[in-house]
Amino acid sequence: MSTDPAAVRVRFAPSPTGFLHIGGARTALYNYLYAKKNGGVFILRIEDTDKDRSSLDSFLESITESLNWLGTTPDEGPVVTPREPGVIKDKGGFGPYLQSARQEKGIYKEALDRLVPSGGIYKCYCTPEDLKQRREEAVSKGLEPGYDGRCRDLTQKEKEEFESRGIKYAWRIKTPDEGVLSFDDMIRGKIEVEARMVSDFVIMKSDGMPTYNFACAVDDHLMKISHVIRGDDHISNTHKQMLIYGAMGVPAPEYAHLPQVHGTDGKKLSKRTGAVSVEEYRDMGYLPGALRNYLALIGWSTEDSQQIFKEDELVKKFDLSRCNTSSGIFDPQKLDWMNGKYIREEDPRNLAKMAFRWLNEAGLIDDTDNIPRVIDAIKLEQEKIESLKGIPELIDFLVKDDIKYDEKSVEKRLKKDGVKKVLEDVVGIFEKAPDFTVPGLEEAVRQYVEKEGLGAGRVFHPVRVAVSGRMKGPGLFEMLEFLGREKVLGRMKYAIDHLT
RNA sequence: GGCGCCAUCGUCUAGUCUGGUUUAGGACACAGCCCUCUCAAGGCUGCGACACGGGUUCGAAUCCCGUUGGCGCUACCA
């Protein structure tokens with residue numbers, strides 16, 4: 001098509017449902033990736049033609065937050081600043097980006113007016129109740145449930161009759177009675193449907209609000225959207241939108257329909273089968289990079305099935321034509337693995353930064369600026385961290401003064417014959433150790449083990465539990481050095497007196 | 001019901017368009033082994049799939065038809 005890369009303009013157009021759904025996030029991501037890959041523009045548009053305005057602010061705030069967190073910040077779209085609640089500004093020159101605001105501006109009315117002279121649309125005076133009844137009748141007779149075209153060819157007299165009775169009308173678009181409606185999907189190829197399957201549909205409701213398909217088509221056109229990348233639940237809408245473009249006499253954008261993301265039960269992702277919003281994943285301690293990477297792989301892959309993508313590698317390698325056609329299931333286990341992978345690769349300083357809220361909650365950050373110490377503790381446990389949220393539990397015994405002794409560990413490693421003597425001996429060794437660092441400590445302890453003719457475990461295990469309160473942890477000597485002589489000795493003596 | 005979309009290991013997928021290079025490759029999960037002071041991480045091995053039935057062809061996971069199944073749409077919702 002166009003050779004001008006700047007011509008690529010894509011949009012993510014959610015309706016305000018409270019938060020960014022994981023499936024929506026995937027759609028947003030693919031749009032973002034496609035835009036960046038092609039030097040284009042990623043736009044956020046809110047499809048709120050049917051919602052009340054009350055919850056809009058919080059939705060906007062939440063979706064903006066989620067999009068930013070995921071690293072898919074829109075280039076254009078509505079913007080709210082926390083400092084000015086209720087004030088929605090536009091970023092970009094194609095606003096407003098809220099359909100409710102566009103409606104107030106008269107954009108859809110104007111588009112409709114331009115359509116009237118063509119004769120391709122007409123007023124429909126049927127009431128919703130009539131429509132419903134007729135639809136049910138048709139279905140019960142085994143006929144198509146679509147609109148029967150009753151108002152399509154009303155005479156002038158009939159129209160006047162309706163008007164004089166003050167009956168409200170909606171605007172319908174005339175759809176072809178025969179032939180096929182077809183479009184080329186970038187990832188599925190040609191998608192056709194018999195024209196007669198699409199009956200005259202409403203584009204403007206009797207309350208003056210545009211229907212979804214009309215608003216969508218008008219806005220995509222006005223915002224110069226070049227590619228529409230969305231879920232495949234919109235496939236049948238596409239034929240309708242193409243009809244609208246046809247009536248408007250403007251070219252339609254390119255379309256790419258993504259397969260859906262389902263829950264582990266194979267059904268639509270729902271709270272029943274796990275977390276559904278980006279916010280929830282953030283709050284569970286996932287890294288944004290991990291979620292983004294994972295999401296990218298539901299429905300898209302490289303030729304070599306690459307799993308982990310660094311930095312801008314995703315943008316570089318993303319390719320719409322390599323997208324799948326079949327729906328995928330969101331697998332939390334694989335996300336967990338990926339999250340661990342990202343955590344192991346991450347700089348401990350950033351880990352501490354990202355985990356700040358949980359560190360703080362757990363009381364691991366104090367006012368003595370112990371953050372460097374926390375970072376070092378994270379470094380020691382890094383390979384074991386599964387989520388940001390789990391960090392405090394992993395490092396608290398390294399950072400806090402007081403520790404909790406795990407009952408099972410005490411039972412298994414301390415309350416055994418001979419442990420007391422071993423610990424006392426080791427205390428002696430530690431008191432005499434010239435410096436309290438890994439090499440010296442390790443040598444001294446191993447010498448002791450050999451001299452006593454014990455298995456290493458007979459010494460290592462009790463010391464570990466005495467000092468940390470648990471059986472799991474970093475390498476013993478790394479842990480000892482980190483804790484320092486004073487804490488180590490204090491904890492060991494406590495253990496000797498109370499726990500052996 | 002009608003229409004549309006989809007169909008490779010339990011899951012994400014490569015391979016399908018351009019049939020042979022495939023005893024169908026990778027990743028997650030699972031099992032075992034190695035490493036090892038614990039837990040992890042890491043390494044190795046194993047388990048495990050072309051939904052079914054016809055056709056076309058010397059040859060089909062790949063092309064065609066049908067069946068079955070899943071999902072979606074069928075609104076003056078988006």
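Each chain gets a letter, A, B and so on, in the order its sequence line appears, and its residues count up from 1. What you see is a predicted model, and the numbers here were worked out from it, not measured in a lab.
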Establish whether the base of C71(B) is bridged to the side chain of S327(A) by a donor-acceptor pair shorter than 3.5 Å. no

Report the distance from atom NZ of K384(A) to atom P of U36(B), rounded to the nearest whole Å. 17 Å

Nearest to side-chain heavy atoms of Q333(A), which nucleotide of A14(B), C5(B), C28(B): C28(B)

What about F330(A) and Y281(A), are their ring centers closer than 6.0 Å? yes

Paired to A40(B) by Watson-Crick or G-U wobble criteria (both distances under 3.5 Å) is none

Nearest-nucleotide 5' precedence on RNA chain B, M197(A) against G146(A): M197(A)

Among C5(B), G72(B), C76(B), find the nucleotide with the atom closest to the side chain of V202(A). C76(B)

Do F201(A) and H239(A) have ring centroids that are under 6.0 Å from one another? no

Can you tell me the pairing partner of A51(B) across any strand shown, Watson-Crick or G-U wobble, with both distances under 3.5 angstrom? U67(B)

The side chain of S15(A) lies closest to which of these nucleotides: A78(B), A41(B), A40(B)? A78(B)

For U16(B), which nucleotide in any strand shown is its Watson-Crick or wobble partner with both distances under 3.5 Å? none

Could you tell me whether the phosphate oxygens of G4(B), OP1 or OP2, come under 4.0 Å of any side-chain nitrogen or oxygen in K190(A)? no

Any donor-acceptor N/O pair under 3.5 Å between G72(B) base and S236(A) side chain: no

Measure from the side chain of E383(A), starting at C-beta and using heavy atoms only, and say which of C3(B), A40(B), C5(B) lies closest. A40(B)

Closest to the side chain of I329(A), out of C39(B), C12(B), G72(B), is C12(B)

Within 45° of the axis and under 6.0 Å from the centre of the six-membered ring of F309(A), does NZ or CZ of K317(A) qualify? no

Mate of C9(B) where both pairing distances stay under 3.5 Å, Watson-Crick or G-U: none

Considering only heavy side-chain atoms of N324(A), the closest of U13(B), G72(B), G4(B) is U13(B)

Find the distance E192(A):CD to C73(B):P and express it as a whole number of Å. 22 Å

To the nearest Å, give me how far apart NZ (K268(A)) and P (A78(B)) are. 15 Å

Report yes if at least one side-chain N or O of R322(A) is closer than 4.0 Å to OP1 or OP2 of C17(B); otherwise report no. no

Could you tell me how far apart E144(A) (CD) and G4(B) (P) are, to the nearest whole angstrom? 11 Å

Where along residues 451-473 of chain A does a heavy atom come under 4.0 Å from RNA chain B, residue by residue in number order? F460(A), H461(A), R464(A), M471(A), K472(A), G473(A)

Taking only side-chain nitrogens and oxygens of T325(A), does any of them come within less than 4.0 Å of OP1 or OP2 of C5(B)? no

For atom C1', what is the distance between U56(B) and C73(B), given to the nearest Å? 34 Å

Salt-bridge contact K310(A)-E345(A) (side-chain N to carboxylate O under 4.0 Å): yes

Counterpart base for U74(B), defined by Watson-Crick or G-U wobble contacts under 3.5 Å: G1(B)

Whole Å only: how far is the CZ atom of R230(A) from the C1' atom of C73(B)? 13 Å

Atom-to-atom span, CD1 of I429(A) to C1' of C37(B) - whole angstrom: 15 Å

If you assign each of S301(A) and K205(A) to its closest nucleotide in RNA chain B, which residue comes earlier from the 5' end? S301(A)

H262(A) NE2 - A7(B) P separation (whole Å): 14 Å

Below 4.0 angstrom, N of the basic side chain to O of the carboxylate: do E163(A) and K123(A) qualify? yes

Candidates A27(B), U13(B), C37(B) - which lies nearest the side chain of S305(A): U13(B)

Would you measure the distance from the C1' atom in U67(B) across to the matching atom in C6(B) and give it in whole Å? 15 Å

Before accepting this row, confirm whether a basic side-chain N of the pair E381(A)/K384(A) lies closer than 4.0 Å to the acidic partner's carboxylate O. yes

Does D396(A) pair with R470(A) as a salt bridge, N-O distance under 4.0 Å? yes

Against the side chain of D331(A), the closest entry in U11(B), C12(B), C6(B) is U11(B)

Tell me whether the side-chain N/O atoms of K240(A) come closer than 4.0 Å to OP1 or OP2 in C3(B). no

Does D130(A) come within less than 4.0 Å of R150(A), counting only side-chain N to carboxylate O? no

So, K379(A) and D347(A), do they make that salt bridge, N to O below 4.0 Å? no

Span that lies between the C1' atom of G69(B) and that of G53(B), in whole angstrom: 15 Å

Has the side chain of N237(A) got a donor or acceptor atom sitting under 3.5 Å from an opposite partner on the base of A78(B)? yes

Please give the distance between the P atoms of A29(B) and C35(B) as a whole number of Å. 23 Å

Taking the same atom, P, in A14(B) and in C3(B), what whole-Å distance lies between them? 30 Å

Considering Watson-Crick and G-U wobble pairs with both distances under 3.5 Å, what does G59(B) pair with? none

Has K412(A) got a side-chain N or O lying under 4.0 Å from the OP1 or OP2 atom of U38(B)? no

When you check the phosphate oxygens OP1 and OP2 of G42(B), does a side-chain N or O of R344(A) lie under 4.0 Å from one of them? yes

Any carboxylate oxygen within less than 4.0 angstrom of a Lys/Arg side-chain nitrogen, looking at D200(A) and R152(A)? yes

Measure the distance from CD1 on I191(A) to P on C71(B) and round it to the nearest whole Å. 19 Å

Options A27(B), U74(B), G72(B), nucleotide nearest the side-chain atoms of P145(A): U74(B)

From the options G1(B), A29(B), A7(B), select the nucleotide whose nearest atom is closest to the side chain of S326(A). A7(B)

Span that lies between the C1' atom of A60(B) and that of U8(B), in whole angstrom: 14 Å

Hey, is the side chain of R413(A) poking within less than 4.0 Å of OP1 or OP2 on C37(B), counting only N and O atoms? no

Is the shortest side-chain N to carboxylate O distance from R45(A) to D220(A) below 4.0 Å? yes

Rounding to an integer number of angstrom, what distance separates C39(B) and G32(B) when you compare their P atoms? 14 Å

Gap in Å between the two P atoms, one belonging to G42(B) and one to A27(B), rounded: 12 Å

